[in-house]
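Labels below follow one simple rule: chain letters A, B, ... track the order of the sequence lines, proteins then strands, and each chain is numbered from 1.
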Number of protein chains: 2
Amino acid sequence: MVSRTRNRPERPATVERKASVLEAALNCFAVNGVDGTTIQDIQRSANCSIGSLYHHFGSKDGIAEELFIDGIQNLNRGMLTKLRRCKNGEESVKAVVGQYCDWSTRNKDLARYLHSRDIEFSSEARIRLKEIHRDYIGAIYAWFAPFVARREVRVLPVDAYVPLISGPIHEYVRRWLSGHHENPPAKVKSLFADAAWNAVKG
Amino acid sequence: MVSRTRNRPERPATVERKASVLEAALNCFAVNGVDGTTIQDIQRSANCSIGSLYHHFGSKDGIAEELFIDGIQNLNRGMLTKLRRCKNGEESVKAVVGQYCDWSTRNKDLARYLHSRDIEFSSEARIRLKEIHRDYIGAIYAWFAPFVARREVRVLPVDAYVPLISGPIHEYVRRWLSGHHENPPAKVKSLFADAAWNAVKG
DNA sequence: CTTTTACTAGAACGAAATTCTAGTTACGAT
DNA sequence: ATCGTAACTAGAATTTCGTTCTAGTAAAAG
């Protein structure tokens, strides 16, 4: 477990195989849920052996964790890239909402999986996730700090910004992903973007 | 499975036993997570036999489902009761936020469990949950309809109300329950209540 | 060319969910 | 009151499924 993640670079075949396993796993999870998916399902779907799975991921939860972490990082990266093209507080707040809509629509299965929280994370993975979250939130706050400083954005308890800006669209998307309502996020994007800006503007 | 749920009323001892199993299960889930809890853990903790568990609940997921459904209904009931004491749109919207804070604080383990989504629901349970949700949402909309009719509350796409009103506080509470921030919901209750009202007032 | 290490393979193992068989207890009908 | 039936309890037997283990093959390093 220790030696696997350090040292030598992975062979090209390894990178491919790991990617194909994660893809296969996501498909299985999307169809049968995490618990409903067996190691054999993944192994068959990825055309590899059990030994290979365990060599690369260590456990079933290991696969689930890596998929989860990759997904979060993909989402975060996209968000920061989008954000850094914005010129002011209003554009930024609205971009957060818009990007979340777009990403979730483009990556439905992955979005559903990230919402599902069906994974028993190892303590290592939990620590890793905390780090990722801390770094991400740090970058986000750093981006918004100037807008708050010049009172473009309202001063609030730090923990309140994310819920106020992203809470409604998260809730909407979660419901949409589980089939609760008709309109795809694109249809309500600007409504929620306006509401978010309204909630935090100075 | 079919005959169990119809026909004869349950004996008093049965009601007690089922309740004690659900309580035991919630404790185990809170400590070790759903996956980390074995049937034996529950069985020992509830002082009953494996046969008894399977007689009453059919499976481990059956226990998890019933706990989930009971929890949702408890939450819904409390919300409607609170709501029906309100006199106007503003009071109602703010009551939704306040009641959610209070309930989650009073029932931390259950709230965490409801947020966890760690359950593979059977199709029966999924249908049941849809029904419950439909009825609940129906009652909520019926309550708010008059306020919308007289433009106390803004006219919006139906699917937007819940996310706009409850989205932020849901997000906040979810983060609080998983240890992300300091302030208990009570501390930010009025902030989020005001924001919710602001988002939907006419 | 040899040695080492990454990687693949699938049979064997063990833990935990579920099923099965054999009961016991409550309760309505006769 | 007692008989028959269905609710309920019990825990051993079985099955399922994640994980480990042993035996290899392919590829890179020396």
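Salt-bridge formation is detected for the pair B/Glu171/B/Arg174: a Lys NZ or Arg NE/NH1/NH2 atom is positioned less than 4.0 Å from an Asp or Glu carboxylate oxygen. Using a cutoff of 4.0 Å between basic side-chain nitrogens and carboxylate oxygens, B/Glu65 and B/Arg128 are not scored as salt-bridged.
The nearest whole Å value for the distance from the CG atom in A/Asp61 to the C1' atom in D/dT20 is 16 Å. One interatomic measurement links the two molecules: CZ of A/Phe57 to P of C/dA9, which rounds to 14 Å at whole-angstrom precision. Rounded to whole Å, the distance from OH on B/Tyr54 to P on D/dC8 is 18 Å. Protein atom NZ of B/Lys18 is 11 Å distant from nucleotide atom P of D/dT9, rounded to whole Å. B/Ile39 has its CD1 atom 20 Å from the P atom of D/dA13, to the nearest Å. Here C/dT8 presents its C1' atom at 8 Å from CZ of A/Arg17, a figure rounded to the nearest Å. Computed from coordinates, the B/Lys60 NZ to C/dT19 P distance equals 15 Å when rounded to whole Å. Here the C1' atom of nucleotide C/dT24 and the NE2 atom of B/His55 are 13 Å apart, to the nearest Å.
Near DNA chain C, meaning a heavy atom under 4.0 Å away, the residues from residues 40-51 of chain B are B/Ile50.
Annotation: cation-pi geometry not satisfied between B/Lys82 and B/Trp103 (NZ/CZ under 6.0 angstrom from ring centroid, within 45° of ring axis).
Contact detail for B/Glu152 and B/Glu90: the closest heavy-atom pair is OE2-N, 4.1 Å.
Taking the side chain as every heavy atom from C-beta outward, A/Ile140 and A/Val162 never approach each other to under 4.5 Å.
Residue B/His56 has its side chain nearest to D/dC8 when only C/dA9, D/dC8, C/dA17 are considered.
Side chain to side chain, B/Gln73 and B/Arg77 fail the donor-acceptor criterion of an N or O pair below 3.5 Å.
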